[in-house]
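Quick notes on the structure that follows.
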2 protein chains.
Amino acid sequence: MSPPLHISISEKLRHQIEAGVYASGDRLPSEHQLMETFSVSRITARQAVANLVSQGLAIAYRGKGVFVTPQKKVTYSLSSPLVFLEQDMARQGVAFSFENLEFEPVAAPRDVAAALEIGKASPVYLQKKLFRMDGAAGAVDVSYLIADLGERFAPLLEQQMTFPTLAQHGIPIDCLDAVIECTHADYDLSGYLEVPLGHALMVYRYTAYSSNQQPVLYGSTISRADRFCYSLSTRAGASA
Amino acid sequence: MSPPLHISISEKLRHQIEAGVYASGDRLPSEHQLMETFSVSRITARQAVANLVSQGLAIAYRGKGVFVTPQKKVTYSLSSPLVFLEQDMARQGVAFSFENLEFEPVAAPRDVAAALEIGKASPVYLQKKLFRMDGAAGAVDVSYLIADLGERFAPLLEQQMTFPTLAQHGIPIDCLDAVIECTHADYDLSGYLEVPLGHALMVYRYTAYSSNQQPVLYGSTISRADRFCYSLSTRAGASA
DNA sequence: TAAGCTCACTTGTTATAACAAGTTGACTGC
DNA sequence: GCAGTCAACTTGTTATAACAAGTGAGCTTA
């Protein structure tokens with residue numbers, strides 16, 4: 001009949017977060033404090049916190065404490081792929097920046113070669129970028145460019161790679177196939193995005209084709225599911 | 001240096017799942033068996049299993065065991081909203097069916113009233129549907145129809161509500177705004193979709209507008225993140 | 001002053017123990 | 001043969017205990 005203790009406690013904390021008792025970025029009571037407040041064992045207190053963490057409401061740091069996750073979600077509008085990501089963010093009052101993590105020629109892995117319709121281990125350019133939203137790491141973009149595109153884009157590294165930028169430099173992108181899916185954090189990405197293992201991530205996986213139907217760009221943007229979402233509209237030029 | 005025991009164990013199990021040692025639907029070793037196999041305490045064995053569950057690779061049933069989650073992901077193509085959901089599923093070789101859970105007039109909650117641009121507590125129709133993919137519950141759709149649309153649609157309950165169906169009955173849908181986001185299972189939905197608390201869910205939240213720019217339909221399709229993803233293409237009529 | 005150390009506090013990992021609760025198959029009694 | 005019971009097995013919840021490891025403030029020492 002009555003729910004488990006750890007559920008009751010995490011629900012109580014969740015309500016307090018939603019009611020503003022603990023604001024975005026605030027530290028939640030430590031496990032020891034929860035033990036005393038609710039007269040439970042550390043296992044129960046820990047599980048209550050784990051519920052919040054798995055729901056993306058909080059994040060725990062060893063040695064520091066558990067902190068409320070920023071609840072503001074940023075929307076990227078898919079319906080107007082020509083709009084700069086910066087503009088999308090600015091409309092929502094979010095300071096946006098990005099930094100290049102890597103840009104180097106590599107041999108195409110199997111899935112990349114298949115998507116770009118080139119031979120396995122053909123030369124491609126690997127580009128890794130980190131997007132920051134209000135200073136905090138919000139998304140990681142890992143993309144592969146066909147060799148020709150990579151060489152042409154190399155001098156433009158400081159710019160966001162958008163369709164207009166590419167078109168200006170003689171690489172018009174004609175169409176884009178994309179999949180939006182949800183996956184889970186593994187150890188690799190935890191480093192960039194500071195998400196606990198198993199936490200939900202949004203993945204925007206895309207293949208861009210040039211005017212001659214040739215795939216030229218394949219990659220994915222991986223973001224924290226609790227900080228990023230996608231919108232689209234059938235209205236031409238709509239900005240939902 | 002060395003990773004925690006529970007991580008090592010869950011990684012080993014994950015590799016075995018990916019290698020086919022445990023196929024989709026198979027039962028994993030029980031906590032007791034894992035204790036003996038890896039010479040660890042039940043807490044460690046449990047945590048290893050919990051890792052798999054939180055990553056969506058397995059699901060646990062009390063009294064029965066832990067079973068490998070079906071890994072096949074179903075894609076719904078957003079670029080052609082006129083395509084029937086059934087067709088999208090059929091293309092992927094998935095048996096699709098849906099059942100009406102509820103259809104009744106209710107007073108519009110606050111967020112619904114705002115989306116439909118009507119007064120709070122105005123009469124609307126609540127429609128709740130369950131989508132089945134290969135027999136298993138895959139998604140729940142909860143939508144609200146303006147009163148007029150609800151009355152006209154009531155006799156058509158056995159049909160999927162798609163844009164062509166609506167247009168045939170004098171309700172042309174002109175445009176659609178949608179947001180795709182990720183959220184986490186709460187107790188309400190766990191019942192329908194059989195997902196553990198905190199598990200990632202995909203939410204497709206939409207507002208449909210009639211030809212006179214009036215919002216007529218607002219709702220969301222909630223699906224298991226590990227079983228459902230969305231695709232879109234800028235190619236007209238593409239079927240990625 | 002500045003560098004380095006220590007200590008208190010935090011979460012992370014792991015062990016042992018016990019009971020609750022749901023499932024399943026075998027066994028018993030009719 | 002069938003129905004009901006029970007025992008064995010499963011995961012779920014909770015407690016107590018100890019150590020590991022990261023952080024940060026404050027103190028000590030050069």
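Throughout, protein chains are lettered first and strands after them, A, B, ... in sequence-line order, and every chain is numbered starting at 1.
Taking only side-chain nitrogens and oxygens, A:Ser30 never comes nearer than 4.0 Å to OP1 or OP2 of C:dC9. Between A:His6 and D:dT13 there is a side-chain N or O to OP1 or OP2 distance below 4.0 Å. The shortest distance between the side-chain N/O atoms of B:Thr44 and the OP1/OP2 oxygens of C:dA15 is below 4.0 Å. Within the 4.0 Å cut-off from OP1 or OP2 of D:dT11, not a single side-chain nitrogen or oxygen of B:Arg46 is found.
Looking at heavy-atom distances under 4.0 Å, B:Val49 makes no contact with the nucleic acid at all.
One interatomic measurement links the two molecules: CZ of B:Phe67 to C1' of D:dT10, which rounds to 9 Å at whole-angstrom precision. Rounding to whole angstrom units, CD of residue A:Gln47 and C1' of C:dT14 are separated by 16 Å. One atom, CG of B:Leu34, and another, C1' of C:dA15, lie 16 Å apart when rounded to the nearest Å. Protein atom CD of B:Glu31 is 15 Å distant from nucleotide atom P of C:dT14, rounded to whole Å. If you take CE of A:Met35 and P of C:dT10, they are 11 Å apart, rounded to a whole angstrom. Atom pair B:Glu36:CD and D:dC9:C1' shows a separation of 13 Å (rounding to whole Å applied). Counting to the nearest Å, the C1' atom of D:dG22 and the CZ atom of A:Arg27 are 14 Å from each other. Rounded to a whole Å, the NE2 atom of B:His32 is 14 Å from the C1' atom of C:dT16.
Closest contact between the side chain of A:Arg62 and the listed nucleotides D:dA21, D:dT14, C:dA15 involves D:dA21. Ranking C:dT24, C:dT16, D:dT11 by closeness to the B:Lys64 side chain, first place goes to C:dT24. The side chain of B:Leu5 sits closest to C:dT14 out of C:dT14, D:dA15, D:dT14. Distances were taken from every side-chain heavy atom of B:Pro4 (C-beta onward) to each of D:dT10, C:dT13, D:dT13; the shortest belongs to C:dT13. Closest to the side chain of B:Arg42, out of C:dA18, D:dA15, C:dG12, is C:dA18. For A:Ile43, the side-chain atoms get nearest to C:dA15 when compared with the rest of C:dT24, D:dT13, C:dA15.
The closest side-chain donor-acceptor pair between A:Tyr206 and A:Asp141 falls under 3.5 angstrom.
Rounding to the nearest 0.5 Å places CD1 of A:Ile7 at 11.5 Å from OG1 of A:Thr44. Taking CZ of B:Phe131 as the reference point, atom CZ of B:Phe96 lies at 5.0 Å (rounded to 0.5 Å).
Annotation: side chain of A:Val106 is in contact with side chain of A:Val124 (closest heavy-atom distance under 4.5 Å).
Remark: side-chain polar atoms of A:Thr69 are paired, donor with acceptor, to backbone N or O of A:Gly56 under 3.5 angstrom.
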